[in-house]
Amino acid sequence: MSKHIAIGVDIGGSGIKAAPVDMRNGQFTEDRYRIPTPQPATPEAIGKTVAKCIQRFEPSRKTPIGVAFPGVIQHGVVKTAANVDDAWVGTNLRELIRDYAGHDVHVLNDADAAGYGEYRFGAAHGQDGSVFLATLGTGVGTAMIVDGTLVPNLELGHLTIDGHDAEDYAAESARARHDLDWDTWIPHLQRYFSEIERLFWPDLIIVGGGVSKSSHMFLPRLTLRAPIVPAELLNGAGIVGAAAAACAEDSKEKARAKEHAKRADKEAKKSAKRAEKASGAR
Ligand code: BGC
């Protein structure tokens with residue numbers, strides 16, 4: 001697999017999607033592969049499915065692979081599972097996938113992946129300052145990128161507003177569940193994004209998730225200080241962002257290893273000099 005390619009995998013409630021992504025332009029280099037999310041969506045069942053998605057593209061040992069998951073991920077471990085099986089909480093996702101796929105992976109929250117994808121190749125490409133992204137889907141995923149750096153696990157979809165978890169009325173699933181028309185749903189979105197602006201003052205707001213395809217129906221009707229625009233990568237953002245984040249992590253690790261080797265070399269030279277001096281003194 002070419003050195004410019006990384007694989008992204010996006011674990012969702014209804015499907016697990018993967019594709020190899022060219023890191024020079026954010027484009028898929030092969031068709032996206034999708035397998036319906038196994039039910040029940042236990043760690044073992046998902047682990048096996050993700051492994052199948054990865055193996056399909058025959059990555060080399062060095063291919064960076066990123067996996068996005070719909071919950072908080074800290075140091076590879078799933079900490080929350082608002083819309084997935086409770087059995088996930090406490091699971092080391094990174095180790096799980098490594099065991100099934102036989103390949104090291106980088107794991108991150110799904111909205112973080114989408115936000116990073118939009119920053120690298122989509123609606124926030126090259127944007128300075130702070131970018132806030134909200135994905136309106138089964139849940140509300142949020143991400144913040146400040147001068148190109150992702151602030152992970154924001155979970156602002158669960159802000160309590162007017163006594164409710166924001167996700168319960170701002171998610172696309174809430175619109176469908178309560179059978180809300182645009183006129184009824186838009187004020188909920190207005191309330192949500194106004195609160196985000198009041199607290200975080202982003203320079204740009206991006207709206208992702210399936211409903212962003214109909215953004216012309218609601219974005220022009222929101223009154224906010226910052227520009228609010230639809231995601232450009234649509235449902236590919238999670239895959240592209242996971243791949244890009246894995247690549248960035250890979251480069252960081254390489255830089256760390258290089259720095260470590262440099263320091264070890266310096267130390268070795270110093271102690272060789274000390275030994276030389278000591279033997280000369282004898
Ligand atoms: C979860 C987030 C996730 C979002 C979108 C929320 O319920 O708490 O971690 O990013 O859904 O999947």
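Predicted model, so just to flag it, every value in this text is computed and none were measured. No hydrogens, no waters, no symmetry mates; every other heavy atom, side chains included, goes into these values. Numbering of ligands and ligand atoms starts at 1, following listing order.
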> Can an N or O of His158 be found at a distance shorter than 3.5 Å from an N or O of ligand 1?
Replying inline: yes
>> One residue to check: Val140. Relative to ligand 1, which of side chain, backbone, both or neither has a non-hydrogen atom less than 4.0 Å away?
In response: backbone
>> With heavy-atom distances below 4.0 Å as the criterion, list the atoms of ligand 1 near Gly71.
In response: 9 (O)
> Glu167 heavy atoms, cut-off 4.0 Å: which ligand 1 atoms fall inside?
Replying inline: 6 (C), 7 (O), 11 (O)
> Can you tell me which residue and heavy atom of the protein come closest to atom 2 (C) of ligand 1, and the distance to 0.1 Å?
Replying inline: Glu155 OE2, 3.2 Å
> Do His4 and Asp22 pass the side-chain hydrogen bond (donor to acceptor under 3.5 Å, both in side chains) test, and can you show the C-alpha distance, the side-chain angles, and the key distance before you say yes or no?
Replying inline: CA-CA 6 Å; His4 300 293; Asp22 189 326; 5.5 Å; no
> What atoms of ligand 1 come closer than 4.0 angstrom to any heavy atom of Asn109?
Replying inline: 2 (C), 3 (C), 9 (O), 10 (O)
> Of all the atoms in ligand 1, which lie at a distance below 4.0 Å from a heavy atom belonging to Gly141?
Replying inline: 4 (C), 5 (C), 10 (O)
>> Between Lys79 and Glu155, does the salt bridge (charged side-chain N to carboxylate O under 4.0 Å, His left out) criterion hold? Intermediate values first, please.
In response: CA-CA 12 Å; Lys79 296 289 183 171; Glu155 292 297 314; over 6 Å; no
>> Tell me whether Asn83 has any N or O atom under 3.5 angstrom from an N or O of ligand 1.
In response: yes
> Side chains of Asp165 and Thr160: closer than 4.5 Å at any heavy-atom pair?
Replying inline: no
> In terms of atom number and element, which parts of ligand 1 are under 4.0 angstrom from non-hydrogen atoms of Ala82?
Replying inline: 7 (O), 8 (O)
>> Is there a polar contact between ligand 1 and Thr135, counting only N or O atoms under 3.5 Å apart?
In response: no
>> Show me the pairs that pass side chain to side chain donor-acceptor pair (under 3.5 Å) and involve residues 49-64, at least two apart or across chains.
In response: Ser60-Thr63
> Under 4.5 Å between any side-chain heavy atoms of Arg263 and Glu267, yes or no?
Replying inline: no
>> As a quick check of understanding, evaluate side chain to side chain contact (heavy atoms under 4.5 Å, CB included) for Asp112 and Phe69, giving each step before the final call.
In response: CA-CA 9 Å; Asp112 284 347; Phe69 180 87; over 6 Å; no
> CD of Glu276: more than 12 outside heavy atoms within 6.0 angstrom?
Replying inline: no
>> Students should be able to answer this: which protein heavy-atom is nearest to atom 10 (O) of ligand 1, and at what distance?
In response: Asp110 OD1, 2.5 Å
> Does the salt bridge (charged side-chain N to carboxylate O under 4.0 Å, His left out) test come out yes or no for Asp104 and Arg94, once each step is laid out?
Replying inline: CA-CA 8 Å; Asp104 243 328; Arg94 194 171 175 198; 3.8 Å; yes
